[in-house]
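So the structure is just underneath, and the comments pick up after that.
Atom set for the values below is all heavy atoms of this structure, side chains included, hydrogens, waters and symmetry mates excluded.
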There are 2 protein chains.
Amino acid sequence: MYSIGELSRRTGVKVPTIRYYESIGLIASCGRSAGNQRRFDRQGIDRLAFIRHARALGFPLDAIRALLDLSDDPETPCAEADRIAAEQLADTRARIARLERLAAELERIATGCASDRAGGCNVLQALADHRHCAGPH
Amino acid sequence: MYSIGELSRRTGVKVPTIRYYESIGLIASCGRSAGNQRRFDRQGIDRLAFIRHARALGFPLDAIRALLDLSDDPETPCAEADRIAAEQLADTRARIARLERLAAELERIATGCASDRAGGCNVLQALADHRHCAGPH
DNA sequence: TATACGACCTCTAGTCACTATAGCTTCAAG
DNA sequence: CTTGAAGCTATAGTGACTAGAGGTCGTATA
């Protein structure tokens with residue numbers, strides 16, 4: 001049996017975050033001490049480690065909830081898990097693509113400002129007038 | 001003089017968003033009609049277009065506020081504007097780097113799941129056990 | 001001039017995934 | 001038995017909006 005602090009140390013998830021996960025029904029303590037403090041078991045650690053790992057990979061909590069449901073039953077078809085992961089990958093790639101467009105435009109804007117006064121500043125002029133941009137965003 | 005809807009149409013910023021920007025002091029209407037409806041002028045359009053453009057490039061509203069302050073006075077040194085833009089660029093690049101690490105790991109996890117049941121699912125096993133991962137995240 | 005209808009108004013609450021604070025109680029070591 | 005760390009609940013705040021309720025205004029037409 002582990003206290004919430006122990007669980008936190010073993011998984012790297014902060015104590016308030018663990019309580020938050022419990023409040024939204026993502027995890028459950030296996031009971032309480034006489035003085036109303038949460039107690040967790042080995043399963044609690046595994047489940048929280050799973051969540052942490054999935055969060056680190058960028059999965060939203062809703063997706064993690066679905067993945068946890070799937071892994072609770074080893075007989076479930078896992079096509080759904082594959083789909084969720086594929087979706088997350090596609091989402092991540094889309095974000096990268098968007099950010100790369102922004103970075104390119106920012107670089108064009110942010111480098112080589114001729115003026116040293118705001119009046120002629122590249123950055124400010126580019127932001128004020130969309131026509132200074134190369135691509136759409 | 002433009003109504004809020006007209007301003008919205010001319011800048012592509014949604015009406016509730018315009019009201020939100022006003023509520024946080026990012027823009028101001030130049031007055032109200034007899035019936036208490038907002039009225040904007042040409043300057044309002046320019047300022048909102050500036051904001052929209054900066055948001056499209058990923059600048060947070062706080063940075064945009066600072067950029068607007070700078071562009072309000074053409075005599076201000078523009079080193080600060082350059083700094084803000086450079087910071088935004090650095091931030092964007094950092095995000096890209098992180099997302100690329102995640103995408104690589106997701107791809108490794110999400111492709112080629114051998115099993116068709118959750119019990120042997122690649123995705124679920126990788127999430128359950130960090131040791132299945134190639135790199136840190 | 002009456003009326004219809006779209007556009008406008010304010011205010012509140014919800015989104016996501018936490019984080020912070022306040023004020024209190026419990027646990028474990030000495 | 002005392003002390004101090006760790007635990008508890010509840011509430012509010014973050015960023016940048018978005019959605020909804022319930023009411024008012026402006027203007028074109030009949």
Practice item. Go through the steps for A:Asp69 and A:Arg65 under the test salt bridge (Lys or Arg N to Asp or Glu O under 4.0 Å), then give the verdict. Key: CA-CA 6 Å; A:Asp69 287 349; A:Arg65 195 188 296 272; over 6 Å; no
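- The interatomic distance linking B:Ile64 (CD1) with D:dA16 (C1') rounds to 10 Å, in whole Å.
- Note: A:Ile45 CD1 to A:Glu6 CD = 7.5 Å, rounded to the nearest 0.5 Å.
- Scanning all heavy atoms of the two residues, the minimum distance from B:Arg39 to B:Ser33 falls at NH2-CB, 3.6 Å.
- For B:Ser3, counting side-chain heavy atoms from C-beta on, the closest listed nucleotide (C:dC8, C:dC27, D:dG7) is C:dC8.
- Distance CZ (B:Arg38) to P (D:dG26): 14 Å, rounded to an integer number of Å.
- Nucleotide D:dA10 holds its C1' atom 14 Å from the CG atom of A:Asn36, rounded to whole Å.
- Along DNA chain C, the nucleotide nearest B:Glu22 and the nucleotide nearest A:Thr17 are compared for position; the residue whose nucleotide lies closer to the 5' end is B:Glu22.
- In this structure, A:Leu48 places its CG atom 11 Å from P of C:dC18, rounding to the nearest Å.
- Using a 4.0 Å heavy-atom cutoff across all strands shown, B:Arg9 reaches no nucleic acid atom at all.
- Taking atom OH of B:Tyr20 as the reference point, atom P of C:dG14 lies 18 Å away to the nearest angstrom.
- Contact annotation for B:Tyr21: backbone-only contact, meaning every heavy-atom pair under 4.0 Å involves sugar-phosphate atoms and none involves a base.
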